[in-house]
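Below is one structure, written out as structure tokens, with a few remarks after it.
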There are 2 protein chains.
Amino acid sequence: MHEQLTKFITDRVQLSEADLQQVLSCFHLLEAKKNELVGRAGEPSRRMFFINKGCLRVYFIKPDGREATRRFAFENSFSTSLTSFIGGTLLKEDTQAIERSELLYINREDFYDLLNTIPGWDIFYRGFLEYAYVSNTKRLEDFITLNPRERYQLLLRENPQMVLRLPNKLVANYLNITQEALSRIKSDI
Amino acid sequence: MHEQLTKFITDRVQLSEADLQQVLSCFHLLEAKKNELVGRAGEPSRRMFFINKGCLRVYFIKPDGREATRRFAFENSFSTSLTSFIGGTLLKEDTQAIERSELLYINREDFYDLLNTIPGWDIFYRGFLEYAYVSNTKRLEDFITLNPRERYQLLLRENPQMVLRLPNKLVANYLNITQEALSRIKSDI
DNA sequence: GTATTTTATTGATCCTGATCAAGAAATCAA
DNA sequence: TTGATTTCTTGATCAGGATCAATAAAATAC
């Protein structure tokens, strides 16, 4: 059950066998049905998910009541509502399983305990934060420099599985354009 | 010369006096003239700046040749071209002193040495990364949820000193709108 | 202090992507 | 399977902000 997670961690940081086991023991299995919410805005519960199988979508509700997708996460990656995880505040975003998913989650308090008890876990977290920052910065840059068509073409080039695997509606939402606009972009080549 | 920096650090993390002195000894003074570039895209040099006095602007050049402002930083804050600092890659952004500025900088290699030698410096860096992530996420959210007028109003509410202190041209660039649009927004109330 | 350059304002026009609407296709429930 | 719901496509219209242009104001240089 923990093979993929073990590989993910050991690819990034060196841990003793005992420490690795302690880390793994903090993760719990969660099977989520398609469209199930595994985190809801307003809840205090803050978990970090590792995706064994399936796909998560993190989104928030805009002032006008519509959804805005922050990101998707697929197999063999971590996902959390990081702003709340960092601050220990109530969740500001929903986390939804887009497909039937198999998740391993760790609670925020256990995660922070590991930072103090497992040498090397702080390096893991630092790497996670750095990656999250760089990803976010790139996404912001894409919004600032590219128009909707260019954003779609970039996504298709760099993340074709997103376009292939997800319904248009969600791809459009991720690109912050309407379904209609995406449909026209796709047909226009 | 190091009072402001000392306060900034000790407000955030506990260090022994000796460790604090070692940290401070890594910082060097740089006086920058108005409009001077203290970091240039393409350079290998990667410094992190603490601003004693003045203002820095980090910007990159878009594919169409125009500038896009990533952020401004004022007195008593740190600023760096963080994506390059993290990756150890060539700078992708220019860093410009908007006003005559008094800066303290630390080189990337010294910064990373401190991570291994000063207990507590890793906590400082973690806090820096977390803050950078949260700020960036908020900025991205603002672009996704707000139109130009609303972005300006938000900036005026949350960061009035930016609007008062910086020329319209730069405020407009930061908001990713044209000077003309900002001028009309301002006159329209 | 004057000349030059840069920045700010205002007007006219244009264009991209949103909105509204309707029908087709696909998905889901049972 | 069949019916219901959701998603996708295509068309017509609209609006916000970009662009281009010209003048005014301010900042800077000498």
Side-chain angles (χ1 to χ4, degrees), chain A residues 32-37 54-55 57 59 61-69 72 94 96-101 142-156 162-189, chain B residues 32-37 54-55 57 59 61-69 72 94 96-101 142-156 162-189:
Chain A
K33 293 195 195 56
K34 176 166 177 165
N35 291 328
E36 184 177 338
L37 295 185
C55 169
R57 168 181 175 246
Y59 67 91
I61 307 296
K62 295 194 278 187
D64 66 6
R66 303 197 222 193
E67 299 179 355
T69 299
F72 297 105
D94 291 337
Q96 176 187 39
I98 295 300
E99 311 166 355
R100 196 198 148 284
S101 298
D142 293 342
F143 272 111
I144 287 177
T145 58
L146 305 177
N147 65 29
R149 158 168 274 106
E150 293 166 331
R151 292 205 295 277
Y152 172 72
Q153 291 167 337
L154 182 70
L155 185 67
L156 194 56
M162 270 203 207
V163 180
L164 297 171
R165 191 165 166 176
L166 301 170
N168 270 1
K169 184 190 171 172
L170 294 183
V171 173
N173 193 256
Y174 181 71
L175 295 171
N176 200 32
I177 60 177
T178 59
Q179 276 189 71
E180 294 94 319
L182 180 56
S183 177
R184 281 186 248 266
I185 288 169
K186 281 184 155 185
S187 68
D188 250 42
I189 299 189
Chain B
K33 293 196 196 54
K34 176 165 179 166
N35 291 327
E36 184 178 338
L37 295 185
C55 169
R57 167 181 175 245
Y59 67 92
I61 307 295
K62 294 194 279 186
D64 66 5
R66 303 197 223 192
E67 299 177 355
T69 300
F72 297 104
D94 291 337
Q96 177 187 39
I98 294 300
E99 310 166 355
R100 196 199 150 287
S101 299
D142 293 342
F143 272 110
I144 287 178
T145 57
L146 305 176
N147 64 29
R149 158 168 273 108
E150 292 166 331
R151 292 205 294 280
Y152 170 73
Q153 290 167 338
L154 182 68
L155 184 68
L156 194 58
M162 272 205 206
V163 179
L164 296 172
R165 189 164 167 178
L166 301 170
N168 271 1
K169 184 189 171 173
L170 295 183
V171 173
N173 193 256
Y174 180 71
L175 295 172
N176 200 33
I177 61 178
T178 59
Q179 276 189 70
E180 294 94 320
L182 178 58
S183 177
R184 281 186 248 265
I185 288 169
K186 281 184 155 185
S187 68
D188 248 46
I189 299 183

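Side chains are part of it too, since the values below use all heavy atoms of this structure and drop only hydrogens, waters and symmetry mates.
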May I ask you to decide if A:Cys55's main-chain N or O and A:Ser101's side chain share a donor-acceptor pair within less than 3.5 Å?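 Side chain of A:Ser101 to backbone of A:Cys55: a pair is present.
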Please check this pair: side chain of B:Arg151 against backbone of B:Leu146, looking for a donor-acceptor N/O pair closer than 3.5 Å.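 Yes; judged by distance alone, with no hydrogens or angles, the pair exists.
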Respond yes when some side-chain nitrogen or oxygen of [X] is under 4.0 Å from OP1 or OP2 of [N], and no when none is.
X	N	answer
B:Ser183	C:dA8	no
A:Thr178	C:dA18	yes
B:Asn168	C:dT9	yes
B:Arg66	D:dT19	yes
B:Gln179	C:dT7	no
B:Lys34	D:dT28	yes

Please report the distance, rounded to the nearest Å, between [atom1] in [X] and [atom2] in [N].
X	N	atom1	atom2	result
B:Asn147	D:dC14	CG	P	21 Å
B:Leu182	D:dA18	CG	P	10 Å
B:Ile98	D:dA27	CD1	C1'	15 Å
A:Asn35	D:dT5	CG	P	17 Å
B:Lys186	C:dT10	NZ	P	12 Å
A:Ile185	D:dC8	CD1	C1'	14 Å
B:Lys169	D:dT28	NZ	C1'	14 Å
B:Lys33	D:dT28	NZ	C1'	16 Å

Among C:dA21, D:dA21, D:dC8, the nucleotide that comes nearest once only the side chain of A:Pro167 is considered: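 Minimum distance to the A:Pro167 side chain belongs to D:dC8.
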Residue A:Pro148, side-chain atoms from C-beta onward, closest of D:dA21, D:dG17, C:dG17: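 Taking heavy atoms from C-beta onward, the closest nucleotide is C:dG17.
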Side-chain contact test, heavy atoms from C-beta onward, threshold under 4.5 Å: evaluate it for B:Glu67 versus B:Ile61 and give yes or no.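 A side-chain contact exists here, since the closest heavy-atom pair is under 4.5 Å.
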Using a cut-off of 4.0 Å on non-hydrogen atoms, how would the nucleic acid contact of A:Arg151 be classed: base, sugar-phosphate, or nothing?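 Nothing, no heavy atom under 4.0 Å.
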I'd like to know if B:Arg149 reaches the base of D:dG17 with its side chain, counting only an N/O donor and acceptor under 3.5 Å.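 Per atom types, no contact qualifies.
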No-H, no-angle donor-acceptor pair, B:Arg184 side chain to C:dG11 base, under 3.5 Å: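 In this structure, the two groups form a donor-acceptor pair.
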Within the supplied structure, the quantity of interest is the number of heavy atoms (other residues, nucleotides, ligands) at a distance under 6.0 Å from B:Lys62 NZ; does it exceed 12?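 Counting other residues, nucleotides and ligands, NZ of B:Lys62 exceeds 12 neighbours.
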Under the salt bridge (Lys or Arg N to Asp or Glu O under 4.0 Å) test against A:Glu99, which residue among A:Arg57, A:Lys33, A:Arg165 passes?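 In the set A:Arg57, A:Lys33, A:Arg165, the residue that makes a salt bridge (Lys or Arg N to Asp or Glu O under 4.0 Å) with A:Glu99 is A:Arg165.
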